[in-house]
Amino acid sequence: MTVRGKTADGGTGHALDPLRQLMRGFDRLLLRTNDEAVILNDGGALLARLVATDDWLPASHAEPDVARYRQYLLHSDPGGRFSIVSFVWGPGQSTPVHDHTVWGLVGVLRGAETSESFERRATGLHWIRTDRLKAGEVEAISPRIGDIHRVTNAHADRVSVSIHVYGADIGIVERHIFDAAGHARAFVSGYADAPALDLE
């Protein structure tokens, strides 16, 4: 919702220009190709440009919760091709081990995150590696290259924020949480409440 050039959370439309550029960049990229490797490479460069500066994300979409991490929708493509989401992590907060079922890109905007990658085998869930992502860094995920991970705020004393781009409206995708034995439980994440952003 906008009111005479202002977004619903009181920020100016101009402040959202970096996010608009990302949205339009992905629109052009997905019109040009459906090759996942190209999308992750070229889309990763687009996301890296966005998270290189931390002066555009509205406070309404960066608000932590004391109980658990929050996931805010920034943009959902009308055709369902992609979505852009902010993840906000309170100190030490973590996800369960989960998958995505679609390609994704994760760029850290503020703070740092630890990403533990896993592989599902007949004998259970096996840890593969742990990566630490700092502000400005981007990683790619997909069922093809590795899709199961657990993400934790790397800081025990401050909030971290990351921007994610997924190859679907991730808030309505049925995904899976895994226990240590590799047993899957279906879930749909949804989104935290926040004003809709005017990116047109």
Side-chain angles (χ1 to χ4, degrees), residues 9 11 15-23 25-26 29 36 39-76 82-100 102-118 127-142 145-171 173 175 189 191-192 194 197 199:
D9 70 333
L16 294 174
D17 280 351
L19 183 57
R20 288 190 184 93
Q21 291 170 14
L22 181 73
M23 175 191 73
F26 268 93
L29 174 60
E36 183 187 277
I39 292 168
L40 294 179
N41 181 74
D42 295 4
L46 292 171
L47 183 56
R49 285 200 287 274
L50 179 74
V51 298
T53 57
D54 182 10
D55 59 359
W56 57 268
L57 183 64
S60 58
H61 292 70
E63 184 68 30
D65 184 276
V66 295
R68 65 185 304 275
Y69 69 93
R70 282 186 170 179
Q71 176 176 316
Y72 294 99
L73 179 64
L74 302 179
H75 173 70
S76 179
F82 69 98
S83 57
I84 307 171
V85 180
S86 64
F87 276 71
V88 183
W89 312 87
Q93 289 178 346
S94 180
T95 69
V97 179
H98 64 281
D99 67 6
H100 306 83
V102 297
W103 62 259
L105 290 158
V106 178
V108 177
L109 181 69
R110 196 175 299 165
E113 296 177 5
T114 300
S115 177
E116 301 170 83
S117 298
F118 296 86
W127 173 88
I128 302 298
R129 69 179 187 278
T130 298
D131 298 308
R132 181 184 171 101
L133 294 176
K134 301 176 293 185
E137 295 182 332
V138 174
E139 75 166 350
I141 53 174
S142 82
I145 64 173
D147 182 42
I148 302 175
H149 70 177
R150 173 169 53 214
V151 181
T152 303
N153 183 351
H155 297 291
D157 59 351
R158 54 184 157 134
V159 171
S160 291
V161 179
S162 53
I163 307 300
H164 300 211
V165 184
Y166 295 106
D169 184 347
I170 198 65
V173 173
R175 301 187 279 151
S189 65
Y191 298 107
L197 300 179
L199 299 181

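Any value given below was found using the heavy atoms of this structure, including those in side chains, with hydrogens, waters and symmetry copies removed.
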Is there a side-chain contact between [X] and [Y] in this structure, where contact means two heavy atoms from C-beta onward sitting under 4.5 Å apart?
X	Y	result
Leu109	Trp56	yes
Ser83	Tyr191	yes
Arg175	Ile170	yes
Leu16	Pro58	yes
Leu22	Leu47	yes

State which residues pass side chain to side chain donor-acceptor pair (under 3.5 Å) with [X]; sequence neighbours excluded, sorted by chain then number.
X	answer
His164	Ser162, Tyr166
Ser76	Asp169
Asp54	Arg110

Minimal non-hydrogen separation, [X] against [Y], with atom names:
X	Y	result
Leu46	Leu29	CD1-CD2, 4.5 Å
Ser189	Gly171	OG-CA, 3.6 Å
Leu105	Ala140	CD2-CB, 3.8 Å
Gln93	Ala67	NE2-C, 3.7 Å
Ala168	Val173	CB-CG2, 3.8 Å
Gly92	Thr152	O-CG2, 4.0 Å

Excluding sequence neighbours, so at least two apart, what forms side chain to side chain contact (heavy atoms under 4.5 Å, CB included) with Asp147?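 Result, side chain to side chain contact (heavy atoms under 4.5 Å, CB included) vs Asp147: Asp99, His100, Pro143.
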Contacts of Thr95 that satisfy side chain to side chain contact (heavy atoms under 4.5 Å, CB included) - sequence neighbours left out: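 Thr95 satisfies side chain to side chain contact (heavy atoms under 4.5 Å, CB included) with Tyr69, Trp89, His98, Arg150, Val151 only.
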Taking atom [atom1] of [X] and atom [atom2] of [Y], what is their separation to the nearest 0.5 Å?
X	Y	atom1	atom2	result
His155	Glu113	NE2	CD	9.5 Å
Leu199	Leu19	CG	CG	5.0 Å
His61	Glu63	NE2	CD	11.5 Å
Met23	Phe82	CE	CZ	7.0 Å
Thr114	Glu116	OG1	CD	7.5 Å
Ser60	Leu197	OG	CG	6.0 Å

Out of the candidates Leu57, Ile163, Val165, only one should pair with Leu50 under the side chain to side chain contact (heavy atoms under 4.5 Å, CB included) rule; please name it.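 That would be Ile163.
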Ignoring hydrogens and angles, state whether a donor on the side chain of His149 or Ser115 is under 3.5 Å from an acceptor on the partner side chain.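 There is such a pair (donor and acceptor under 3.5 Å, judged by atom type) between the side chains of His149 and Ser115.
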Salt bridge (Lys or Arg N to Asp or Glu O under 4.0 Å) partners of residues 86-98, not counting sequence neighbours, each pair once: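 Listed by first then second residue: nothing to list.
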Tell me, with the steps shown, if Val106 and Glu139 meet side chain to side chain contact (heavy atoms under 4.5 Å, CB included). CA-CA 5 Å; Val106 178; Glu139 75 166 350; 4.1 Å; yes
